[in-house]
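Within every chain, numbering begins at 1; the chains are lettered A, B, ... in the order of the sequence lines, protein sequences first and strands thereafter.
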Number of protein chains: 2
Amino acid sequence: MRVRIGRRAAAVSKTLSPIETLCAERGLHLGKKRRILIRLLEEMDDHPCADEVYARAIAVDSRIGIATVYRTLALFEEEGILVRRDFGDKRARYEVARKPPHHHMIDVENGRIIEFEDDQIHALLERIAARGGYRLIGTRLELFVAPADSRAAPGTSPSDAPKPFD
Amino acid sequence: MRVRIGRRAAAVSKTLSPIETLCAERGLHLGKKRRILIRLLEEMDDHPCADEVYARAIAVDSRIGIATVYRTLALFEEEGILVRRDFGDKRARYEVARKPPHHHMIDVENGRIIEFEDDQIHALLERIAARGGYRLIGTRLELFVAPADSRAAPGTSPSDAPKPFD
DNA sequence: ATACGTGCAAATTGTTTGCGTATGG
DNA sequence: CCATACGCAAACAATTTGCACGTAT
């Protein structure tokens with residue numbers, strides 16, 4: 001008898017994209033619509049809300065339903081494939097999960113979102129959690145900022161809800 | 001003629017509570033229902049959502065409408081009297097604004113909320129904003145934590161949405 | 001074959017608004 | 001008096017769900 005290589009489950013050949021691979025590993029079916037959504041998600045470099053993902057999706061296949069978008073986003077969030085963000089407007093915004101956690105600065109003047117990463121912060125936050133006898137599971141950190149030049153002194157109101165978003 | 005003291009606007013006598021005073025200073029009327037809400041807000045030591053404030057309110061005067069609660073919370077938030085928080089469940093939660101900004105740890109095992117304050121963090125965040133040519137307007141910082149003993153390794157998913165809330 | 005994926009429309013949920021009346025300053 | 005506060009019900013917006021039918025594995 002011949003020896004087959006890659007016999008173990010791991011061997012998911014074909015050409016699966018990163019997220020498709022994750023889906024395969026978790027036994028999730030790869031329906032046509034889901035594939036389209038996955039491609040969109042992998043291509044995006046911003047933080048779209050469900051409506052926006054939906055808009056981009058119907059541009060590819062007009063028969064995709066908004067429910068599928070919501071269901072897929074929720075599923076991928078549970079699976080840790082996507083991260084849900086909340087930038088102050090009502091809608092939930094998403095981005096692909098990346099290993100080193102990063103945070104966001106929201107320019108309240110124009111709604112622009114700037115991503116940033118900082119080890120010091122994480123070390124500090126971990127220490128704070130530990131200090132209280134806790135283990136840090138997740139962090140949500142958003143800075144609401146304005147160009148260093150303009151009225152209004154610094155305050156503590158994150159909920160000044162900027163209008164435009166990326 | 002006699003000299004009257006406290007002639008200037010400042011002289012709001014009677015016995016006004018802190019928030020009532022702020023309202024008076026800003027020319028806001030103090031309706032009966034609003035007074036009740038103010039008292040509740042000043043007594044609370046947790047982070048209730050509109051529904052919960054409403055529940056407590058009708059316990060005092062059953063004729064208060066939910067719309068009044070929403071309108072009052074929104075008004076006080078705009079006035080900087082209240083701060084709106086978002087702990088992962090849908091509803092907006094509120095607490096009385098305090099000077100030194102503080103943040104929250106959400107125990108994902110039982111939903112308990114622990115407040116904390118830390119100067120280092122603020123200094124660091126301010127530096128990060130400045131580094132990008134920005135001025136820090138507001139911060140939103142929440143730590144999702146779990147008792148230092150229990151499965152599940154630390155991750156980056158803040159949106160694991162714990163069920164219970166204070 | 002069978003469980004999973006998906007569309008459509010209806011249902012929920014949290015929050016906002018229009019309007020007529022009541023009331024504080 | 002006159003602006004503001006308020007109740008009620010209808011309006012809204014984001015998201016969820018039930019059901020019937022396709023499709024991947």
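Rounded to the nearest 0.5 angstrom, A/Ile38 CD1 and A/Leu30 CG are separated by 5.5 Å. Going from atom CD of B/Glu126 over to atom CD1 of B/Ile121 covers 12.5 Å, rounded to the nearest 0.5 Å. With rounding to the nearest 0.5 angstrom, the CG atom of A/Leu41 is 5.5 Å from the CG atom of A/Leu82.
For B/Arg71, the side-chain atoms get nearest to D/dC8 when compared with the rest of C/dT16, D/dT15, D/dC8. Candidate nucleotides C/dG14, D/dA14, D/dC6 were compared by shortest atom distance to the side chain of B/Lys33, and D/dC6 ranks first.
Across A/Glu142 and A/Asp86, no two heavy atoms sit closer than the pair OE1-O, 3.0 Å. In plain terms, the two heavy atoms of B/Leu141 and B/Leu143 that are nearest each other are CD1-CD2, 4.0 Å.
In this structure, CZ of B/Arg91 is placed 16 Å from P of D/dT15, rounded to the nearest angstrom. Spacing between atom CG of B/Leu37 and atom C1' of D/dT4 amounts to 15 Å, rounded to whole angstrom units. Nucleotide C/dG5 holds its P atom 12 Å from the CD atom of A/Glu78, rounded to whole Å. Separating the CG atom of A/Leu75 from the P atom of D/dT17 is a distance of 14 Å, rounded to the nearest angstrom. Spacing between atom OH of B/Tyr54 and atom P of C/dT16 amounts to 16 Å, rounded to whole angstrom units. The CZ atom of A/Arg93 sits 10 Å away from the P atom of D/dA14 (whole-angstrom rounding). With rounding to whole Å, B/Ile38 atom CD1 is found 11 Å from D/dA5 atom P. Rounding to whole angstrom units, CG of residue B/Leu73 and P of C/dT16 are separated by 9 Å.
OP1 and OP2 of D/dT16 both lie 4.0 Å or more from every side-chain N or O belonging to A/Tyr70.
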What does the list of N/O pairs under 3.5 Å between the protein and nucleotides 20-25 of chain D look like, with a distance for each?
none

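Rotation axes derived from the C1' atoms of the five outermost pairs at either end of the helix from C/dT12-D/dA14 to C/dG25-D/dC1 lie 30° apart, to the nearest 10°.
By the side chain to side chain donor-acceptor pair (under 3.5 Å) test, B/Arg63 pairs with no residue at all, sequence neighbours left out. For A/Glu79, the side chain to side chain donor-acceptor pair (under 3.5 Å) partners two or more places apart in sequence, or in a different chain, are A/Arg26. Residues forming a side chain to side chain donor-acceptor pair (under 3.5 Å) with B/Glu95 (at least two apart in sequence, or on another chain): B/His47, B/Arg85, B/Arg98, B/His102, B/His104.
Panel note: side chain A/Thr72, backbone A/Thr68; a donor-acceptor pair is recorded below 3.5 Å. B/Arg140 places no side-chain N or O within donor-acceptor distance of the main-chain N or O of A/Phe144, the cut-off being under 3.5 Å.
Applying a 4.0 Å cut-off to non-hydrogen atoms, the residues of residues 58-69 of chain A that approach DNA chain C are A/Arg63, A/Ile64, A/Gly65, A/Ala67, A/Thr68, listed by residue number.
Side-chain contact between A/Cys23 and A/Phe76 is present, with heavy atoms from C-beta onward closer than 4.5 Å.
Looking at B/Asp61 and B/Arg34, no side-chain N of the basic residue comes within less than 4.0 Å of a carboxylate O on the acidic one, giving no salt bridge.
Not a single donor-acceptor contact under 3.5 angstrom links the side-chain atoms of B/Arg34 to the base of C/dG24.
At the heavy-atom level, B/Ala74 lies nowhere under 4.0 Å from the strands shown.
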